[in-house]
*Asks:* 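Sending over a structure as structure tokens; questions will come in a sec.
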Amino acid sequence: MQPSRTIYMGENLVIVESPAKAKTIEKFLGSGFIVKSSFGHIRDLSKKNLGIDIENGFEPDYLISEDKTKVVSELKNLAKKSKTVWLASDEDREGEAIAWHLQEALELDKSKTKRIVFHEITKEAITNAINNPRDVNFNLVMAQQARRVLDRLVGFELSPILWKKVRPKLSAGRVQSVALRLIVEREREIQNFEAKSNYKIEGTFHPEQSEQSSILKAEITHRFSTSKEALNVLELCRTGNFIVTSTEKKEHSKSPAAPFTTSTLQQEASRKLGFSLSQTMRVAQNLYEAGLITYMRTDSVNLSKVALNSSKKVIDNLFGPEYSKTRQYSTKSKGAQEAHEAIRPTYIENRDIEAGAQEKKLYSLIWKRTVASQMSDAILEKTQINIQTKEIEYPFVATADIITFDGFLKLYIESKDDENSEENLPMLLPNLVSGTSMDVIEILATEKFTQKPPRYTEASLVKKLEELGIGRPSTYAPTISTLGQRGYIIKESREGNERSYHQYRLYDGDIKDTIKKEIWGTEKNKLFPEDIGILVTDFLVEHFRSIIDYNFTAKIEEDFDKVATGKLVWNKLISDFYTPFHSIVEDTLATSKPTNAERLLGVDPKTGKSVYSRLGRFGPLVQIGEADDPDKKYMSLGKGQLIETITIDQALKLFELPRVVGEYNNQEIICAIGRFGPYIKYEGSFISLGKDNNPYDIDIDKCIEIINNHKIKEAQKHIKSFPEQDIQVLNGRFGPYIKRGKDNFKIPKNVDPASLEIEDILKIIDSAGSTKKSTVSKKGTAAKKSTPTKKSTTTKKSTPTKKSKTAKSK
DNA sequence: CAGTGAGCGAGCTTCCGCTTGACTT
């Protein structure tokens, strides 16, 4: 259903946000329409300064973003030649703003400009949109402007306070600072957590005079707080007469999860595929650009009619109609704007695709989740059997979940974050009637420890942020990576510790006590706060609690909505926020003291001096002696150590390094920890110790062994040398390569490195060099345009040397 | 690449959301 009048080439310009979207839409619209993309926002507040005229009603100073000048001039040209310009950015606050900025920046005549929206990219939806144009919704635009201005005010007033009071180049903002606070507060909960132990009692039974095959495992759901209580129960089990006191069967159903949004895709890709946030988004982008999935930055769980229909067909074909159940999901998350569909395969008929390995995996996950969301409930039968002896207050309970109809489980099971939950293996329970006498085979009382709260993963933090309504699909991944870049947090794995626990076993009439060992607290790819992150959070919470409040965004969003519906003027909102906010800013700048989180750990027994931990210019350190002590000593904190948790013993231990282990061939062997971990310094070269060796207690023999191994490896490294040209052929981590001066060159795969002569090598370098040169020249031209910063750094470079000379002469 | 922990002081850093490339080991 196209507009009835004839349309000529170039008469209509449609502008969308994404270039991939532009391509598909162009196909649907056919001749008479040119579809272009704005590549997102085209204008933003000036970056040089605040970009807001506070005195003048918070008037924003918008500039065309540097990387968008080309797109904007191109669009402007096309708009001039077009009779009608259709602004087809997304139907949410940001999309409406993009439409308005386009209208302004392209200087579009209102009479020839039309605003259209569609939620799904189908021919029907698009032609329907074309037939129902409207004007730009100015109230919605002003709501976006309020959001933008508020974020700028918060970010650009808070960050400079941190530069002054904590450390330069730090940042704070409405979203990132709350995300950071979540991580810091969780870490404190974990540090303050005291694991308590209790006893879990499990038994294995079988019906009297039956075969061993009808074994039944059951446990007492109550936990016993002391070993004495547990032993008492075991004692009673030894003599007790167990009978089945009840059997129960209950049917229940389980429904599939909604189709993917950005946040749930990130969570599942992390749990099921081990992808990081950025990896998930990069791979999804590839799938999107190849036309294989719908848009990957969305908060909507909605599926188009086309998708529902083809899902049904696919399910009917693959599993039969009894497995199909068409469902439409609704969004639960706060502040969702739902400008797009859920993330789904473009063509659900395609179960498999031709693509890279990661793309295939992620596509398959999306396909399964989408299709499963349109499948019937699974029906499960829960059986519970209670076994009890009258001497013991609590029954032993055996449960089993049996799937009577698998439904969507045939395709997809959503995974959980809780890695500690024990795997529920489907266990068949024997058919038993009440009153059946049971024999005890074995009873175990095992000491269990309460679990500390889990540290966040990237994905579980995104989940939390989404629950709080903080951040948007396009910012989840970048926000968390910013926290890392600022040095606030680190994503890493840490090894657990060993601990022992008691297990009492009743078997064959005897009760035995064994002490077993387990590893606990192992962390894999978790988010840990760094000292600077803790310090910044404490500072912000102390002075700006209302902004760092978990509900701040949710509250201010209500106001943005009022602006969007015309009930509130945007700069009234801003003014009401800014007046009290700015006075706290001024007050904090004037009164708060620079902070370094200094903490007195205790006294060094050797010297009697005080030991402190604090933040130094280059990071966290421990210090022996007062600030005015000329002989005071420093050491950097080790990996995983924090200013607020390091103990005096751990601190003193740091001063044991660097340590002279001994001599070998009249040369000192020194052990220390550097930026890349523990190392040996010997004959002027540095040898990594690896993580299996401890620099504090490694002995001389082991050191010599490592040194000799290192020498052998070094010798193997050299394949050939051409000293005259300063060229070497070396064995590296990734195979043989050519080294000239500081530059490395790849050797083509089919070439034997040992056979290379100097002529061959120069050829290889030449061919590699030509590509290198071209990139260098590109950089040069790019630099010409944006030089002010570069120039100033180069001109400055000459001065420091002069200064250092004068300093020396002093 | 394996170490820093004074001062002097100019000039710089920074936010959130919307989009893709252009980069290197």
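Proteins come first, then strands; the chains are lettered A, B, ... in the order of their sequence lines, and each starts at number 1. Computed from heavy atoms alone, side chains included, the values below leave out hydrogens, waters and symmetry copies.
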*Asks:* Roughly, in whole Å, what's the span from CE in A:Met281 to C1' in B:dC18?
*Replies:*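 Computing the A:Met281:CE to B:dC18:C1' distance gives 12 Å.
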*Asks:* A:Phe544 vs A:Phe581 aromatic rings, parallel, tilted or perpendicular, using cut-offs 30° and 60°?
*Replies:*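 Tilted.
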*Asks:* Just to confirm, is there a sub-4.0 Å distance from OP1 or OP2 of B:dC15 to any side-chain nitrogen or oxygen of A:Arg486?
*Replies:*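 Yes.
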*Asks:* Respond yes when some side-chain nitrogen or oxygen of A:Tyr634 is under 4.0 Å from OP1 or OP2 of B:dA6, and no when none is.
*Replies:*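 Looking at the OP1 and OP2 atoms of B:dA6, one of them is under 4.0 Å from a side-chain N or O of A:Tyr634.
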*Asks:* With respect to the phosphate group of B:dT19, does any side-chain polar atom (N or O) of A:Arg297 fall under 4.0 Å of OP1 or OP2?
*Replies:*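 For A:Arg297, the contact criterion (side-chain N or O under 4.0 Å from OP1 or OP2 of B:dT19) is met.
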*Asks:* So, applying side chain to side chain donor-acceptor pair (under 3.5 Å) with A:His41, which one of A:Glu94, A:Lys68, A:His101 is it?
*Replies:*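 Exactly one candidate clears the test, A:Glu94.
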*Asks:* In residues 470-482 of chain A, which ones come under 4.0 Å of DNA chain B, going by heavy atoms?
*Replies:*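 Of all residues in residues 470-482 of chain A, the ones placing a heavy atom under 4.0 Å from DNA chain B are A:Gly471, A:Arg472, A:Ser474, A:Thr475, A:Thr482.
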*Asks:* Return the value, rounded to whole Å, for the distance between atom CG of A:Asn49 and atom C1' of B:dC15.
*Replies:*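 It works out to 14 Å between those atoms.
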*Asks:* Can any side-chain N or O of A:Ser37 pair as donor or acceptor with the backbone N or O of A:Phe39 at less than 3.5 Å?
*Replies:*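 Here the side-chain-to-backbone pair exists.
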*Asks:* Report yes or no: does A:Arg659 contribute a side-chain atom to a donor-acceptor pair with the main-chain N or O of A:Tyr696 at less than 3.5 Å?
*Replies:*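 Yes; judged by distance alone, with no hydrogens or angles, the pair exists.
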*Asks:* Would you mind reporting whether A:Ile624 and A:Thr607 have side-chain heavy atoms less than 4.5 Å apart?
*Replies:*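 A:Thr607 vs A:Ile624: side chains touch.
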*Asks:* Go ahead and write out DNA chain B as dot-bracket, 5' to 3': ( ) for pairs within the strand, [ ] for ones crossing earlier pairs, | when the partner sits on another strand, dots for unpaired; Watson-Crick or G-U wobble, both distances under 3.5 Å.
*Replies:* .........................
*Asks:* Sequence neighbours left out, what passes salt bridge (charged side-chain N to carboxylate O under 4.0 Å, His left out) with A:Arg174? Give chain and number order.
*Replies:*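 Per chain and number, A:Arg174 pairs via salt bridge (charged side-chain N to carboxylate O under 4.0 Å, His left out) with A:Asp151.
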*Asks:* Could you work out which one of B:dT14, B:dT19, B:dG21 sits closest to the side chain of A:Pro160?
*Replies:*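 Looking only at side-chain atoms, A:Pro160 lies closest to B:dT14.
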*Asks:* Checking A:Glu626 against A:Ser610 for the side-chain hydrogen bond (donor to acceptor under 3.5 Å, both in side chains) test, could you report, in this order, the C-alpha distance in whole Å, the side-chain angles of both residues, the deciding distance, and whether it holds?
*Replies:* CA-CA 7 Å; A:Glu626 304 295 333; A:Ser610 297; 3.3 Å; yes
*Asks:* Set out, line by line, the N/O atom pairs under 3.5 Å between protein and nucleotides 2-4 of chain B.
*Replies:*
from	atom 1	to	atom 2	distance (Å)
B:dG3	O6	A:Arg675	NE	2.8

*Asks:* Taking 5.5 Å and 30° as the limits, would you call A:Trp163 and the base of B:dT13 a stacked pair?
*Replies:*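 Ring-base stacking flag set for A:Trp163 and B:dT13.
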*Asks:* So does A:Ser18 get a side-chain nitrogen or oxygen closer than 4.0 Å to the phosphate oxygens (OP1/OP2) of B:dT20?
*Replies:*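 Checking B:dT20 against A:Ser18, a side-chain N or O does come within under 4.0 Å of OP1 or OP2.
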*Asks:* Under 3.5 Å, side chain of A:Gln641 to main-chain N/O of A:Ile646, donor-acceptor pair present?
*Replies:*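 No, because the side chain of A:Gln641 does not come within donor-acceptor range (under 3.5 Å) of the backbone of A:Ile646.
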*Asks:* Look at the side chain of A:Tyr295 and decide which nucleotide, out of B:dC16, B:dT19, B:dA6, has an atom nearest to it.
*Replies:*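 For A:Tyr295, the side-chain atoms sit closest to B:dT19.
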*Asks:* A:Ile42 has an atom CD1; how far is it from atom P of B:dT20, in whole Å?
*Replies:*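 Atom CD1 in A:Ile42 sits about 16 Å away from atom P in B:dT20.
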*Asks:* If only side-chain N and O atoms of A:Gln176 are considered, is one of them under 4.0 Å from the OP1 or OP2 phosphate oxygen of B:dC15?
*Replies:*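 So the side-chain polar atoms of A:Gln176 do come within 4.0 Å of the phosphate oxygens OP1 or OP2 of B:dC15, strictly under.
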*Asks:* Looking at every strand, decide which applies to A:Gly40 at a 4.0 Å heavy-atom threshold: base, sugar-phosphate, or nothing.
*Replies:*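 Counting heavy atoms under 4.0 Å across all strands, the contact made by A:Gly40 includes a base.
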*Asks:* For A:His543 and A:Phe539, take the angle between the two ring planes, folded into 0 to 90°, and tell me which bin it lands in: parallel under 30, tilted 30 to 60, perpendicular over 60.
*Replies:*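 Ring orientation, 0 to 90° scale: tilted.
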*Asks:* Does the side chain of A:Ser171 pick up a donor-acceptor pair with the side chain of A:Arg486 at under 3.5 Å?
*Replies:*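 Yes.
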*Asks:* Applying the side chain to side chain donor-acceptor pair (under 3.5 Å) test to A:Tyr62, which of A:Glu104, A:Arg148, A:Arg43, A:Gln145 qualifies?
*Replies:*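 Of the listed options, the one satisfying the test is A:Gln145.
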*Asks:* Using atom CD of A:Glu557 as one end and atom P of B:dC16 as the other, report the distance to the nearest whole Å.
*Replies:*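 Whole-Å distance recorded here is 14 Å.
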*Asks:* Would you mind telling me which residue lines up with the more 5' stretch of DNA chain B, A:Asp67 or A:Gly619, judged by nearest nucleotide?
*Replies:*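 On the 5' side of the pair lies A:Gly619.
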*Asks:* May I ask you to list the residues of residues 90-104 of chain A, by number, that have any heavy atom positioned under 4.0 Å from an atom of DNA chain B?
*Replies:*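 Those residues whose heavy atoms fall under 4.0 Å from DNA chain B, taken from residues 90-104 of chain A in numerical order, are A:Asp90, A:Glu94.
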*Asks:* How would you label the contact of A:Ser159 with the nucleic acid (heavy atoms, under 4.0 Å): base, sugar-phosphate, or nothing?
*Replies:*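 It contacts base atoms.
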*Asks:* Taking atom types as they are modelled, would you say the side chain of A:Arg147 forms a donor-acceptor pair with the base of B:dC16 within the 3.5 Å cutoff?
*Replies:*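 Pair found.
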*Asks:* On DNA chain B, compare the nucleotides closest to A:Lys68 and A:Leu170; which residue's is nearer the 5' end?
*Replies:*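 Looking at DNA chain B, the more 5' nearest nucleotide goes with A:Leu170.
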*Asks:* Figure out the CD/C1' separation between A:Gln485 and B:dC15, and round it to whole Å.
*Replies:*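 Taking CD of A:Gln485 and C1' of B:dC15, I get 14 Å after rounding.
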*Asks:* Restricting to salt bridge (charged side-chain N to carboxylate O under 4.0 Å, His left out), what partner residues turn up for A:Glu17, sequence neighbours left out?
*Replies:*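 For A:Glu17 there are no salt bridge (charged side-chain N to carboxylate O under 4.0 Å, His left out) partners, ignoring immediate neighbours.
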*Asks:* Atom CD1 of A:Ile547 to atom C1' of B:dC15: distance rounded to whole Å?
*Replies:*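 About 12 Å, once rounded to whole Å.
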*Asks:* Let me know the distance between CZ of A:Phe58 and P of B:dC15, rounded to the nearest Å.
*Replies:*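 Going from A:Phe58 (CZ) to B:dC15 (P), I get 21 Å.
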*Asks:* Can you tell me if the side-chain N/O atoms of A:Gln144 get under 4.0 Å from OP1 or OP2 in B:dG17?
*Replies:*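 Looking at the OP1 and OP2 atoms of B:dG17, neither is under 4.0 Å from any side-chain N or O of A:Gln144.
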*Asks:* Is A:Lys464 reaching over with its side chain to a backbone N or O of A:Leu182, donor-acceptor style, under 3.5 angstrom?
*Replies:*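 It does not hold such a pair.
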*Asks:* Give the rounded distance in Å between these two atoms: CZ of A:Arg148 and P of B:dC15.
*Replies:*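 Result: 10 Å.
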*Asks:* Under 30°, 30 to 60°, or over 60°: which ring-plane class applies to A:Tyr295 and A:His340, parallel, tilted or perpendicular?
*Replies:*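 Taking A:His340 first and then A:Tyr295, their aromatic rings sit tilted (interplane angle of 30° to 60°).
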*Asks:* Just to be sure I understand the rule, does A:Val175 reach a base, reach only the sugar-phosphate, or reach nothing, if contact means heavy atoms closer than 4.0 Å?
*Replies:*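 Since only primed, P, OP1 and OP2 atoms lie under 4.0 Å of A:Val175, the category is sugar-phosphate.
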*Asks:* Quick one: which of A:Arg93, A:Arg472, A:Arg147 gives a salt bridge (Lys or Arg N to Asp or Glu O under 4.0 Å) with A:Glu557?
*Replies:*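 It is A:Arg93, the one option of A:Arg93, A:Arg472, A:Arg147 that forms the salt bridge (Lys or Arg N to Asp or Glu O under 4.0 Å) with A:Glu557.
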*Asks:* Hey, is NZ on A:Lys36 packed in by over 12 heavy atoms from elsewhere, all under 6.0 Å?
*Replies:*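 No, NZ of A:Lys36 has 12 or fewer neighbouring heavy atoms, counting only those of other groups under 6.0 Å.
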